[in-house]
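Along the sequence shown, residues are numbered consecutively beginning with 1. Because the structure is a prediction, the values reported are computed rather than measured.
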Amino acid sequence: MTHSQESDETLASATGHDSTTEPGLPAQEDPSAAPLQEAVPAKGAEPAESSVAADSAATDSPATDSPATDSPAPAKPAAPAKPRVPAPSPSPAAFAARPKVAATAQAPAPGAPAAAVPVVDLVEAAKFGRAEEDGHVFLLLDGEEFPVGQYPGASKDEALAYFARKFDDILAQITLLEQRVEAKAATTDMHKTVGHLREQLGERTAVGDVNAALTRLVTLEASIKALAGAERATHDAARAVELAAREAIVAEAEGIAGEDPAAIQWKVSSARMNELFESWKQAQKSGMRLGRATEEGLWKRFRSARTVFDRHRRAYFSQLDNNNAAAKTAKEALIEAAEQLSSSTDWGFAAGEYRRLMDQWKSSPRASRKDDDALWARFRGAQDKFFAARQGANNALDEEFGANLVVKEALILEAQALLPIKDLNTAKKSLQNIRDRWEVAGKVPRDDMQRVEAGMRKVEDAVRAADEDNWRRSDPEAKARTSSALSQLEATIAGLREDLEKAQKAGDARKVAKATEALEARELWLEQIQKAAADFS
């Protein structure tokens, strides 16, 4: 600690304040004052540094209201120290043994680099203060003089420069605070710093333009107030964004919890609910604080939504377990019936029973996917066993029926040779003989059954059509009906012709047209009946 810092702290302890209160601000030092005697504080001030008291080797006199009487008599360094009194002044004995140097330079400590000495504009300082021969310094403010302290054992310029530098320290803090405001730093402690600087200026412990400094502080207060308002607006906007994000988390959780348990997709919804919980924890950990009441209210809503969702999920899966158990019981009964049929050789009956069991299986409720797949594998296995056995039996029969297929294919060729039919009676007798041998030939393989049956059916259909046409032509009743209709129509046509001639002779155009129309229609009918009669001939 330099001697100027010791003096600063001595003055600060006398007034109850530190000379540097702004957090993060560097301590202001006065290198040129280090080798000089401590300044005597103004009235009411007393030194607080124990290092100064330890250096004192002479009796300290109590401070008084008059700065002139506060300076103690010099003493030799070897003089014994006297007991401290309630309000001591720094003893010059502590400085007597130290070498005197100019007020504008500081002697560097052995082995330490030389420090730059702050330059004080004594002309400017003289506008706001003065110093006396004994080291007492006074502040000129609004036409009044205020004692600021004493700098014994130094020239008037050195004493005035010392207290001017103390004022420069205050100005440096004001400048630093202005820079912080301009850089829009946090305003957390700025008002406190302004208050402390105003207190320092009010203590009258430095020489300078106090009014100008106070004016800068007033301006600073307004700037700090505006900056604090902007901070609050930014903070409120960020808080609104954070609140909206939390609200969105809670609202989505409540939406999921409010879905119909019978229609909800539990896997997807459970994963999403877990994601929302992780988002909530991350917001609690790194997000902006919203206030205890707000956060507790949102958390209660979110927790309630998760509780409802978990309750619905547990109820759903509990019911699902019950349904799975009932489905398993019903399908195991179907499996037992299918396994009993798997060894049956009554192929037709067993196949019909399997179709019935399959219909029941399809209408039964599903179990869980894992259980349902296992149950279906058992049911399908019983079916496969039966149908494999039936297929084996059919393959054996098909091998046995292969010879019958050769016989029936030959009979089909023989029947097809009857077409086209020339003699119906001969064709009918030949086809009947082929049919008799067809029945004797027996069954053919299943895969060829439709083909051979279709080949024989084609010939049978041709013979049947020829027989029906022959019957239609030779039907006596139809022939008699045709002949009677022909006779009646011929008589009607003859009458219509007579009517036409009479109308023509009478010159009745209406009757002529009517008779002509009726005659043409009857002649058309006559043509059709004559064709039908020709078919019976």
Side-chain angles (χ1 to χ4, degrees), residues 2-12 14-15 19-20 27-45 47 52 63-72 74 89-90 92 94-95 98-107 115-175 197 200-214 216:
T2 64
H3 294 296
S4 61
Q5 287 174 319
E6 292 176 354
S7 178
D8 291 346
E9 294 189 3
T10 301
L11 294 175
T15 58
S19 61
T20 305
Q28 301 294 326
E29 297 185 358
D30 184 10
S32 65
L36 302 179
Q37 183 180 358
E38 281 287 11
V40 179
K43 69 176 181 178
V52 176
T64 63
D65 292 340
S66 174
T69 60
D70 286 345
S71 72
S89 297
F95 302 97
R98 300 178 183 176
K100 298 286 185 177
V101 295
T104 57
Q106 177 182 3
V117 178
V119 178
V120 176
D121 188 350
L122 292 177
V123 176
E124 183 67 20
K127 297 178 182 179
F128 305 101
R130 68 179 183 83
E132 295 181 345
E133 295 295 337
D134 59 358
H136 279 90
V137 179
F138 297 87
L139 171 66
L140 303 178
L141 180 62
D142 298 331
E144 297 184 26
E145 286 190 351
F146 298 90
V148 296
Q150 182 184 14
Y151 202 153
S155 67
K156 293 169 61 176
D157 288 346
E158 291 173 340
L160 183 61
Y162 173 78
F163 287 100
R165 276 192 293 272
K166 293 180 70 67
F167 186 78
D168 288 343
D169 291 344
I170 297 176
L171 291 183
Q173 297 182 57
I174 294 176
T175 300
L197 291 173
Q200 283 186 299
L201 292 173
E203 290 169 355
R204 312 288 189 260
T205 58
V207 173
D209 192 350
V210 174
N211 289 332
L214 291 173
R216 290 172 67 182

Check your understanding: Roughly how far, to the nearest 0.5 Å, is the CD atom of Gln173 from the OG1 atom of Thr175?
Key -> 10.0 Å
Practice item. Identify the two heavy atoms, one from Ala131 and one from Lys156, that lie closest to each other, and give their separation to 0.1 Å. Key: O-CE, 2.9 Å
Check your understanding: Where is the tightest heavy-atom contact between Phe146 and Glu144, given as atom of each residue plus distance?
Key -> CZ-OE1, 3.5 Å
Review point. If you look at every heavy atom in Ala161 and Leu122, which pair is closest and at what distance?
Key: CB-CD2, 3.8 Å
Exercise for review: Measure the spacing between CG of Asp209 and CD of Glu124 and express it to the nearest 0.5 Å.
Suggested key: 7.5 Å
Point to revise | Heavy-atom closest pair, residues Ala159 and Tyr151 | key: CB-CB, 3.6 Å
Exercise for review: Show the numbers, then the answer: is there a side chain to side chain contact (heavy atoms under 4.5 Å, CB included) between Phe167 and Leu201?
Suggested key: CA-CA 8 Å; Phe167 186 78; Leu201 292 173; 3.7 Å; yes
Review point. Rounded to the nearest 0.5 Å, what separation is found between the CG atom of Asn211 and the CG atom of Asp142?
Key: 4.5 Å
Revision key, fill the gap. On a heavy-atom basis, the closest approach of Leu139 and Ala206 is CD1-O, 3.8 Å
Review point. To the nearest 0.5 Å, what is the distance between CG (Asp169) and CD1 (Ile174)?
Key: 11.5 Å
**Study point:** Arg216: salt bridge (charged side-chain N to carboxylate O under 4.0 Å, His left out) partners, not counting sequence neighbours
**Key:** Glu178
**Study point:** Spatial distance of atom CG (Leu141) from atom CG (Leu214) [nearest 0.5 Å]
**Key:** 8.0 Å
Practice item. Measure the shortest side-chain to side-chain distance between Tyr162 and Lys166 over non-hydrogen atoms and say whether it is less than 4.5 angstrom. Key: yes
Practice item. Indicate the atoms forming the closest heavy-atom contact of Phe163 with Val148, along with that distance. Key: CE2-O, 3.7 Å
